[in-house]
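A short worksheet on the structure shown next.
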2 protein chains.
Amino acid sequence: MIETRRKLIDGTIATLRDKGIAGTSARAIAAAAEVNQALVFYHFGSVDALIDQACREGAAERVEFYRSRFSQVSSLRELLALGQELHAQEREAGNVTVLAQVLAGAQQDANLADAARHALLLWVAEIETALARLLVGSPIAELADPAGLARAVTAAFIGIELYEGVDSAGAQNALSALEQLTLLTEIVEDLGTVGRRAFLSRIRRTHPALRPLHDSGSSTTRSEIESD
Amino acid sequence: MIETRRKLIDGTIATLRDKGIAGTSARAIAAAAEVNQALVFYHFGSVDALIDQACREGAAERVEFYRSRFSQVSSLRELLALGQELHAQEREAGNVTVLAQVLAGAQQDANLADAARHALLLWVAEIETALARLLVGSPIAELADPAGLARAVTAAFIGIELYEGVDSAGAQNALSALEQLTLLTEIVEDLGTVGRRAFLSRIRRTHPALRPLHDSGSSTTRSEIESD
DNA sequence: GTCTATAGAGGGATAGAC
DNA sequence: GTCTATCCCTCTATAGAC
């Protein structure tokens with residue numbers, strides 16, 4: 001029954017959130033899902049395969065949920081605000097925590113690593129698309145690589161999520177600092193014609209190796225993600 | 001014997017690195033340390049207590065090792081370069097991975113959370129001290145809070161470390177992006193008198209709420225760390 | 001301090017009844 | 001598809017010999 005499958009996926013997410021990767025056993029999942037423990041193996045074959053699937057489906061669902069929000073963002077500040085809202089909401093639901101736990105388990109498990117990379121790429125692709133759009137025409141575009149920036153932002157959010165679990169005040173400080181960095185980029189963008197020209201010439205003079213970055217080939221395409 | 005204690009701490013770090021938090025059992029640790037499994041409980045009482053101790057001592061040792069390097073850094077670019085070197089070296093030794101694994105386990109365990117927070121604060125304090133020194137006199141000091149920035153950087157490094165385990169090329173992109181952000185701050189610092197004045201007035205005009213931040217009380221003191 | 005042996009709980013996975 | 005029962009393994013922790 002498709003209903004049982006759904007319960008097991010949801011139960012896995014709840015278990016990863018509440019007990020961590022080390023406490024996510026077939027018995028614990030079955031208890032959270034309120035189904036028989038043997039059904040884990042009937043439907044998914046193994047606990048690892050279930051965790052893998054829960055990670056993928058959980059991320060896909062949440063990214064889908066936020067997709068239109070990402071597409072409506074019209075400034076870096078708004079993007080950060082969306083990130084903070086997402087951080088707060090998903091923390092309660094536990095979806096980012098789940099990703100962090102799977103990522104921790106994935107360091108020693110090639111199958112989980114596939115799932116974690118795939119789930120992360122879903123988030124990266126949204127952020128990268130938004131960044132690429134927002135940076136068009138900005139002097140920062142001379143310097144910033146949307147692909148790398150999107151990955152750094154995603155990794156930083158995972159790190160802050162983990163940090164929040166042990167020091168929530170410190171994590172708030174970290175988020176404020178990211179906000180300040182966003183202000184820095186806004187100020188650069190608002191420099192006006194004279195300042196902007198000085199900024200650009202400064203880049204060219206001090207960092208001649210930097211060229212417009214649209215040829216790196218590292219941008220994240222949809223086909224790259226949908227390979228399962 | 002003090003030698004056995006040492007072996008167990010080292011064995012715990014090696015096990016966390018190679019098998020993750022989910023695979024770090026008394027038996028696995030004892031095998032890595034090449035001592036009898038019962039000695040885990042004789043010397044530390046429980047597996048959790050040993051992980052706790054290994055996390056604290058491992059971080060303290062590595063921070064101590066890098067302390068003079070941090071104190072010699074004289075620019076944000078050098079600080080980032082030190083961070084990249086540290087990332088590469090500690091990845092092999094596994095000390096950052098260990099921190100990430102303990103952090104994952106700490107989400108559901110208050111004792112481990114204490115240890116993880118303590119270990120993270122050791123790194124945060126070094127980075128914060130360096131940042132506070134480097135930002136003196138910089139126009140960025142009007143905007144940047146060294147305490148929050150140090151926490152963001154530390155969390156980002158943990159996140160990138162986990163990301164590297166599932167997508168090393170992507171993690172390199174993320175590190176490059178951080179490098180680009182550093183260049184952005186350098187350029188702002190190099191704006192010259194006219195540009196700098198424009199920058200400062202821009203901050204005051206667009207963000208009047210921002211005052212010099214040295215009164216926030218959130219800076220990390222040594223006494224705050226040495227409370228065990 | 002270190003060892004062996006073991007108790008007792010919980011884990012993954014399967015067989016077979018329904 | 002779902003359930004019970006079970007096998008066999010690994011786990012934490014301790015008792016007791018040395």
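Order of the sequence lines fixes the chain letters, A, B, ..., with proteins taken first and strands second; residue numbering starts at 1 for each chain.
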Task: Presence of B:S25 side-chain N/O under 4.0 Å of D:dC11 phosphate oxygens OP1/OP2 - done: yes

TODO: Evaluate the ring planes of A:Y66 and A:W123, with Trp represented by its six-membered ring, and classify them as parallel (under 30°), tilted (30 to 60°) or perpendicular (over 60°).
DONE: tilted

TODO: Give the rounded distance in Å between these two atoms: NZ of A:K7 and C1' of D:dT2.
DONE: 12 Å

Task: Contact pattern, 5' to 3', of nucleotides 13-18 of chain C - B, S or - by protein heavy atom under 4.0 Å - done: BB----

- [ ] Return the value, rounded to whole Å, for the distance between atom NZ of B:K19 and atom P of D:dC11.
- [x] 8 Å

Open item on the list: If I take atom NE2 in residue A:H43 and atom C1' in nucleotide D:dC3, what distance separates them, rounded to the nearest angstrom?
Closed with: 12 Å

Open item on the list: Run the side chain to side chain contact (heavy atoms under 4.5 Å, CB included) test on A:D114 and B:V166 for me, step by step, so that the C-alpha distance in whole Å, both residues' side-chain angles and the decisive distance to 0.1 Å come before the verdict.
Closed with: CA-CA 7 Å; A:D114 267 359; B:V166 305; over 6 Å; no

Task: A:T4 side chain near D:dG1 phosphate (N/O to OP1/OP2, under 4.0 Å) - done: no

- [ ] Give the rounded distance in Å between these two atoms: CG of A:D109 and P of C:dG12.
- [x] 14 Å

Open item on the list: In whole Å, I'd like the distance from the CE atom of A:M1 to the P atom of D:dC3.
Closed with: 12 Å

TODO: Validate the cation-pi geometry between A:R67 and A:F70: distance from NZ or CZ to the six-membered ring centre under 6.0 Å, angle to the ring axis within 45°.
DONE: no

Open item on the list: Using whole Å, what does the distance between atom P of nucleotide D:dA13 and atom CZ of B:F44 come to?
Closed with: 14 Å

Task: Separation of atom CZ in A:R5 from atom C1' in D:dT2, rounded to whole Å - done: 17 Å

Task: Atom-pair distance (CD on A:E34; C1' on D:dG1), nearest Å - done: 18 Å

Show every donor-acceptor pair shorter than 3.5 Å between a side-chain atom in residues 18-31 of chain A and any protein atom, with sequence neighbours excluded, or say none if there are none.
| from | atom 1 | to | atom 2 | distance (Å) |
| --- | --- | --- | --- | --- |
| A:T24 | OG1 | A:G20 | O | 2.7 |
| A:S25 | OG | A:A28 | N | 3.1 |

Task: Backbone N/O of A:A147 and side chain of A:R151: donor-acceptor pair under 3.5 Å - done: yes

TODO: For side chain to side chain contact (heavy atoms under 4.5 Å, CB included), just list the numbers for B:L134 and B:L79, CA-CA rounded to whole Å, side-chain angles, deciding distance to a tenth of an Å, and then say yes or no.
DONE: CA-CA 9 Å; B:L134 297 177; B:L79 182 59; 4.3 Å; yes

